[in-house]
2 protein chains.
Amino acid sequence: MSSRRADSVREALEQMIVTGDLVNGERLDETSLSEQFGCSRTPLREAFQSLAASGLLELVPHRGAFVRHPDLGEMIEMFEVMAELEAFCGRLAARRVTTQDLADLCKTVTACEDAAARNDSDRYYAENEKFHHLLYKASGNGFLADQAKQLHRRLKPFRRLQLRVRGRLQQSLSEHRIILNALEQGSEDDVAAALRTHVAVQGGKFNDLMASYKNFHLTGT
Amino acid sequence: MSSRRADSVREALEQMIVTGDLVNGERLDETSLSEQFGCSRTPLREAFQSLAASGLLELVPHRGAFVRHPDLGEMIEMFEVMAELEAFCGRLAARRVTTQDLADLCKTVTACEDAAARNDSDRYYAENEKFHHLLYKASGNGFLADQAKQLHRRLKPFRRLQLRVRGRLQQSLSEHRIILNALEQGSEDDVAAALRTHVAVQGGKFNDLMASYKNFHLTGT
DNA sequence: GTCAATATTTTTGTATACAATAATAGATTT
DNA sequence: AAATCTATTATTGTATACAAAAATATTGAC
């Protein structure tokens with residue numbers, strides 16, 4: 001854990017943005033925020049830089065930092081890329097996965113099912129994230145894993161919305177099993193296909209996403 | 001063009017890093033660099049943040065900013081991802097490309113061939129970059145296009161190395177034609193396959209890359 | 001009353017000053 | 001002489017002060 005003030009400010013701001021606490025287009029005032037965080041403008045501005053790099057803020061020279069929430073179209077674009085990245089991870093993993101990886105993945109899938117059965121949503125999200133991170137790692141491509149992790153993180157708030165939809169959770173769980181089975185059999189195409197349907201926003205998922213998006217506290221761009 | 005000092009410093013530093021002017025692992029001293037650039041540490045540190053976000057620097061708390069060149073393994077990983085991203089761009093483009101896009105692409109391919117024939121390497125690189133950027137745009141997925149552009153930019157210095165290899169340039173040119181043809185015919189699979197072989201580091205390309213990598217002024221990690 | 005030009009204020013960008021942490025060198029002990 | 005602890009130095013992190021740019025308000029002309 002870094003004791004840099006700038007880092008904790010970054011995290012706090014990120015939280016405020018992804019939870020919708022800060023609405024789209026809002027300008028972040030340096031002075032008032034620095035008062036709120038009890039620090040000077042310097043660490044705040046460092047946090048701005050970092051957030052802008054991950055696309056959560058837009059820095060306009062001499063005008064300030066503006067909150068940038070993806071609109072529905074961008075969100076779909078991001079899911080489209082995420083699906084492809086995960087499918088590629090899966091394809092590589094099908095070739096390179098170790099028995100240890102498989103054991104870890106299996107354990108996590110079970111933990112996920114268990115958490116869902118107990119309605120322990122926090123644990124469900126944690127285990128679900130672990131499952132995906134393990135998959136990325138199993139690809140054997142560290143750079144790919146990093147990229148996937150980054151995007152996965154960025155899509156976190158929206159995935160949460162999707163899973164509120166009735167029946168989506170059970171479906172998601174069974175998809176985990178399908179992915180795992182395909183991995184064990186080492187069939188690249190099956191793994192890739194399973195992951196595409198697991199992640200992609202298509203068919204009914206599109207309508208679900210649109211509905212939940214509207215319920216989210218985002219102002220349209 | 002932004003008149004922010006921090007931005008121009010960022011660009012200058014990036015150039016120094018990718019050209020190998022700054023070797024791997026080197027620590028960037030804030031005071032001496034700020035003297036060199038004739039500015040204070042503040043804009044310099046902003047540039048550091050930005051460069052760290054794109055992976056060119058590693059920021060270690062209370063210890064400084066360290067130049068981070070990818071080693072051969074990471075480079076291959078990045079090319080592996082680049083190939084897949086481009087293939088996906090191509091796949092989408094095959095479905096969504098407009099006649100205008102095709103015309104622009106065709107013009108750029110011709111310009112590329114022309115530049116190569118005249119041994120105008122600067123223009124060749126410019127037109128080649130344009131070709132790829134047009135392809136990303138033709139995917140109709142703005143987020144994907146951004147991601148692809150970012151990675152393409154990061155791989156720029158290494159691509160330059162690869163093209164020094166005898167015969168590689170002519171091959172690259174003919175691959176452009178193949179890609180363009182496949183796009184015109186709208187066959188997703190052909191476009192994707194053509195782009196994978198165009199970008200991926202495989203077969204003979206691997207040895208070429210390894211040889212040129214060693215010639216590069218990088219210290220091993 | 002509306003528009004335009006100018007003055008004022010506000011806000012961002014940069015420089016500098018200070019504080020905190022890590023690296024280094026030197027002294028002390030075994 | 002080697003190792004360890006301490007004092008010193010150097011370097012990063014943060015706060016504040018100043019400069020430059022943009023936004024806003026005010027004044028004047030039509």
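Order of the sequence lines fixes the chain letters, A, B, ..., with proteins taken first and strands second; residue numbering starts at 1 for each chain. The figures here come from the full heavy-atom set of this structure, side chains too, leaving out hydrogens, waters and symmetry mates.
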Test side chain to side chain contact (heavy atoms under 4.5 Å, CB included) applied to [X] - qualifying residues, sequence neighbours left out:
| X | result |
| --- | --- |
| B:Arg168 | B:Leu163, B:Val165, B:Gln171, B:Lys205, B:Asp208 |
| B:Ser8 | B:Arg5 |
| A:Glu86 | A:Met82, A:His132, A:Leu135, A:Tyr136, A:His152, A:Leu195, A:Val199 |

Taking only residues two or more places apart in sequence or in another chain, which ones pass side-chain hydrogen bond (donor to acceptor under 3.5 Å, both in side chains) with [X]?
| X | result |
| --- | --- |
| B:Asp146 | none |
| A:Arg68 | A:Glu74 |
| A:Ser3 | none |

Legend entry - DNA chain D: 5'-most and 3'-most nucleotides touching chain B, 4.0 angstrom heavy-atom criterion: D:dT11 to D:dT14

Inset, instruction - Write down the atom of A:Ala148, the atom of A:Cys89, and the distance for their closest heavy-atom approach. - result: CB-SG, 4.4 Å

Legend entry - Sequence neighbours excluded, every pair satisfying salt bridge (Lys or Arg N to Asp or Glu O under 4.0 Å) that has a member inside residues 98-111 of chain A: A:Asp101-A:Lys137

Between the protein and nucleotides 19-23 of chain C, which nitrogen or oxygen pairs are less than 3.5 angstrom apart?
unit_1, atom_1, unit_2, atom_2, d
C:dA23, OP1, B:Arg63, NE, 2.5
C:dA23, OP1, B:Arg63, NH1, 3.2
C:dA23, OP1, B:Arg63, NH2, 2.9

Legend entry - Sequence-distant partners of B:Phe131, ring pair (Phe, Tyr, Trp, His ring centres under 6.0 Å), two or more places apart: B:His176

Inset, instruction - Residues of residues 35-60 of chain A with any non-hydrogen atom less than 4.0 angstrom from an atom of DNA chain C: list those, numerically ordered, please. - result: A:Arg41, A:Arg45

I'd like a table of donor-acceptor pairs (distance under 3.5 Å, sequence neighbours excluded) in which one partner is a side-chain atom from residues 52-66 of chain B, with atom names and distances.
unit_1, atom_1, unit_2, atom_2, d
B:Ser54, OG, B:Ser50, O, 3.1

